[in-house]
Amino acid sequence: MTVMEEDYKVRLDVFEGPLDLLLFLIKRNELDIYDIPISFITEQYLAYIGMMQVLNVELASEFLVIAATLLEIKARMLIPTPSEQEEEAEDPRLELTNRLLEYQRFKNAALQLNDSAMLYRDTFIRGMHEDSGNEDLSLNIDADPYDLLVAFKSLMDRARGEKIAYMAVERISVAQRINDIMERIGIVKSMAFDALLPREYTRMDIVVTVLAILELLRLRMLRCEQKEPFGTIWLFMQE
Amino acid sequence: MEREKLIAIIEALIFASDRPLKVKYIDQVLSIIDTGDVRVEDLIGELRARYSTDSTGIELAEVADGWQLRTKPQLADWVKRLNIVKPSRLSTPALETLSIVAYRQPITHAEIDYVRGVDSGGVIKTLLDRRLIKIVGKKELPGRPLVYGTTQEFLELFGLKDIAALPSLQDIKQISAAEEELEKAQPELPLPTHETSDEE
Amino acid sequence: MEREKLIAIIEALIFASDRPLKVKYIDQVLSIIDTGDVRVEDLIGELRARYSTDSTGIELAEVADGWQLRTKPQLADWVKRLNIVKPSRLSTPALETLSIVAYRQPITHAEIDYVRGVDSGGVIKTLLDRRLIKIVGKKELPGRPLVYGTTQEFLELFGLKDIAALPSLQDIKQISAAEEELEKAQPELPLPTHETSDEE
């Protein structure tokens with residue numbers, strides 16, 4: 001088991017999702033993908049998830065969805081089928097098997113894609129820019145609706161940003177912010193830094209919040225932790 | 001006009017174009033002169049042959065339904081030593097998502113998520129921003145979800161002539177045969193025993 | 001390394017470089033191999049001779065103390081014709097203005113200016129000339145300003161069935177919703193406590 005744990009730990013960040021993990025378990029145990037021993041694989045899968053929880057790795061909810069699927073298949077396979085009349089009963093594993101095969105197919109395709117002569121990695125086009133005349137010369141246009149959407153969205157974002165900046169003047173003071181933080185953190189005992197910011201915040205909000213936190217840290221009313229560079233900053237209530 | 005002169009013009013046009021140049025635009029440019037019964041495709045073929053010798057560092061590639069001059073892939077390490085271009089890299093999720101879109105287009109966000117088993121929203125956004133995929137319409141389903149397809153830029157990035165030039169999807173084993181077996185096995189519904197199935 | 005191979009590398013380097021390439025950079029790139037007593041200048045001379053025949057449309061020119069490939073001056077008229085024939089992308093101001101008209105039609109000149117924060121007179125004129133937008137009426141306001149909307153040509157150009165087929169801001173939110181939710185969710189998560197969690 002310890003060897004296995006080591007193995008998993010090394011591969012932690014390698015899995016793209018639950019299907020990827022399942023494929024790994026199948027390959028690693030040399031199982032037949034067309035005839036998956038469902039209780040065995042479920043056990044392995046759950047062991048992995050359990051380990052992730054012990055290691056405090058944040059699991060995407062999709063991992064749990066597939067865990068539920070596995071358990072459901074396992075249950076359905078345990079129900080004895082009245083063999084005569086259930087002629088066309090479907091193998092409960094069929095959908096999962098098909099998904100795994102399909103996913104594996106695209107994993108292969110992705111590798112193949114990556115093997116092709118990629119522009120700016122394996123091959124390069126002319127770097128120098130010819131004096132191509134101005135674009136209004138052209139009579140036709142290369143158009144894509146997404147361009148419109150992106151242009152419009154950035155205009156809207158810009159407009160919204162201006163409005164917020166204008167209102168920033170009447171936002172709250174450092175003292176108010178301190179009260180606010182202590183009130184909220186008093187309930188839950190600990191919070192992430194960004195959770196303290198209003199839903200839509202301006203630069204001024206960040207400044208005010210940081211000043212408030214610094215003050216609280218100085219007064220030893222809060223303790224502050226960060227697990228890794230650029231990671232989430234956690235604030236703890238100092239008992 | 002002589003053949004050699006025409007080839008020179010075509011070479012200049014392809015060189016000057018910042019994107020792969022379609023034959024139809026070459027035809028349009030040349031339409032003001034009488035080219036007799038010379039076909040542009042044939043001239044391009046000759047030009048291509050000229051660039052195919054080992055003593056040239058450039059090749060003429062058919063990309064995104066057009067023609068483009070590119071440095072030869074086997075010289076990539078030398079060109080990279082110049083440090084002039086940002087190297088392009090795609091993450092594994094991006095490559096996975098891109099291949100799903102490429103082979104299954106038009107496809108919705110939900111369908112991509114189903115195949116990958118994880119939410120692909122962030123990756124889709126990145127690929128849209130990099131112009132490797134695009135919105136090609138909306139599906140006639142409740143909520144009218146957007147459907148995605150690949151772009152010209154996708155073809156250019158991977159040096160593909162068109163979407164049909166993608167290699168066909170392959171399994172490790174032959175699926176069709178195996179699926180039949182699965183179907184054959186179904187009616188009996190044997191419980192999954194760990195020691196079974198050592199066929200083939 | 002053979003002379004021909006070296007010439008091919010130099011050709012690829014000059015081709016890929018975004019400005020005239022100085023000989024000293026070529027020397028640097030080649031410094032990892034033993035080129036014997038071959039001089040880069042001589043190799044460039046050979047490459048230049050290769051491009052000097054009438055059957056090529058490109059020439060190797062010495063510019064700004066470096067070497068650059070460019071189309072031959074005598075073919076300039078052909079290259080110019082290409083710019084007329086080939087489709088181009090819309091400029092950012094044109095795209096911005098077009099998107100405002102598309103999403104907010106009918107809309108006045110003043111309203112477009114307000115959203116963009118700059119005068120859009122010139123762009124509106126261009127878009128009118130290109131028949132991508134049109135005057136759809138006058139607004140019941142002092143001065144009765146003209147209001148603009150998109151045209152049939154606009155729909156055709158962007159491959160849209162009707163104006164409702166435009167992707168909506170809601171759609172783009174869906175795409176990036178996953179990321180945002182992740183960010184939103186994080187702060188609320190229970191703390192990774194150091195002393196707990198020995199259950200499995």
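We name chains A, B, ... by the order of the sequence lines, and we start the count at 1 in each one.
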Q: Flag the pair B/Ile135 / C/Pro167 as yes when at least one side-chain heavy-atom distance between them is below 4.5 Å, and no otherwise.
A: yes
Q. Among B/Ile32, B/Val136, B/Leu69, which residue forms the greatest number of heavy-atom pairs with chain C at distances under 4.5 Å?
A. B/Ile32
Q.
Using heavy-atom distances under 4.5 Å, tell me whether B/Leu6 contacts chain C through its side chain, its backbone, both, or neither.
A. neither
Q | Closest non-hydrogen atom pair between B/Gly57 and C/Ala12, with its separation | A | O-CB, 3.7 Å
Q: Would you indicate whether B/Phe154, at its atom CZ, is surrounded by more than 12 heavy atoms from other residues, nucleotides or ligands within a distance under 6.0 Å?
A: yes
Q | Minimal non-hydrogen separation, C/Ala165 against B/Lys138, with atom names | A | O-CE, 4.2 Å
Q. Out of B/Val29, B/Leu13, B/Ile9, which residue meets the side-chain contact (heavy atoms from CB on, under 4.5 Å) rule with C/Arg81?
A. B/Val29
Q. What distance separates C/Thr71 OG1 from B/Ile14 CD1, expressed to the nearest 0.5 Å?
A. 13.0 Å
Q: Could you look at C/Leu75 and say if it's the side chain, the backbone, both or neither that has a heavy atom under 4.5 Å from chain B?
A: side chain
Q: Identify which part of B/Ile112 has an atom lying under 4.5 Å from any heavy atom of chain C, answering side chain, backbone, both or neither.
A: neither
**Q.** Region of C/Gln74 in contact with chain B, defined by heavy-atom distances below 4.5 Å
**A.** neither
(Q) Assess the residue pair B/Lys5 and C/Asp54 against the criterion (side chain to side chain contact (heavy atoms under 4.5 Å, CB included)); give the C-alpha distance rounded to whole Å, side-chain angles, the decisive distance to 0.1 Å, and a yes or no. (A) CA-CA 7 Å; B/Lys5 180 80 190 292; C/Asp54 273 351; over 6 Å; no
Q. So which part of C/Arg50 gets closer than 4.5 Å to some heavy atom of chain B, the side chain, the backbone, both or neither?
A. side chain
**Q.** For the student: nearest non-hydrogen atoms of C/Glu11 and B/Thr56, plus distance
**A.** OE1-CA, 3.1 Å
Q. At a heavy-atom separation under 4.5 Å, does B/Ile26 approach chain C through its side chain, its backbone, both, or neither?
A. neither
Q. Nearest 0.5 Å, what's the CZ-CD distance between B/Phe15 and C/Glu59?
A. 10.0 Å
Q. Can you say whether B/Ser17 sits under 4.5 Å from chain C via the side chain, the backbone, both, or neither, judging by heavy atoms?
A. both
(Q) Test side chain to side chain contact (heavy atoms under 4.5 Å, CB included) on B/Ile33 and C/Trp78; report intermediate values, then the result. (A) CA-CA 11 Å; B/Ile33 51 161; C/Trp78 296 102; 3.8 Å; yes
Q | Segment of C/Ala164 engaging chain B (4.5 angstrom heavy-atom cut-off) | A | backbone
Q: Measure C/Leu47 against the heavy atoms of chain B and call it side chain, backbone, both or neither at under 4.5 Å.
A: neither
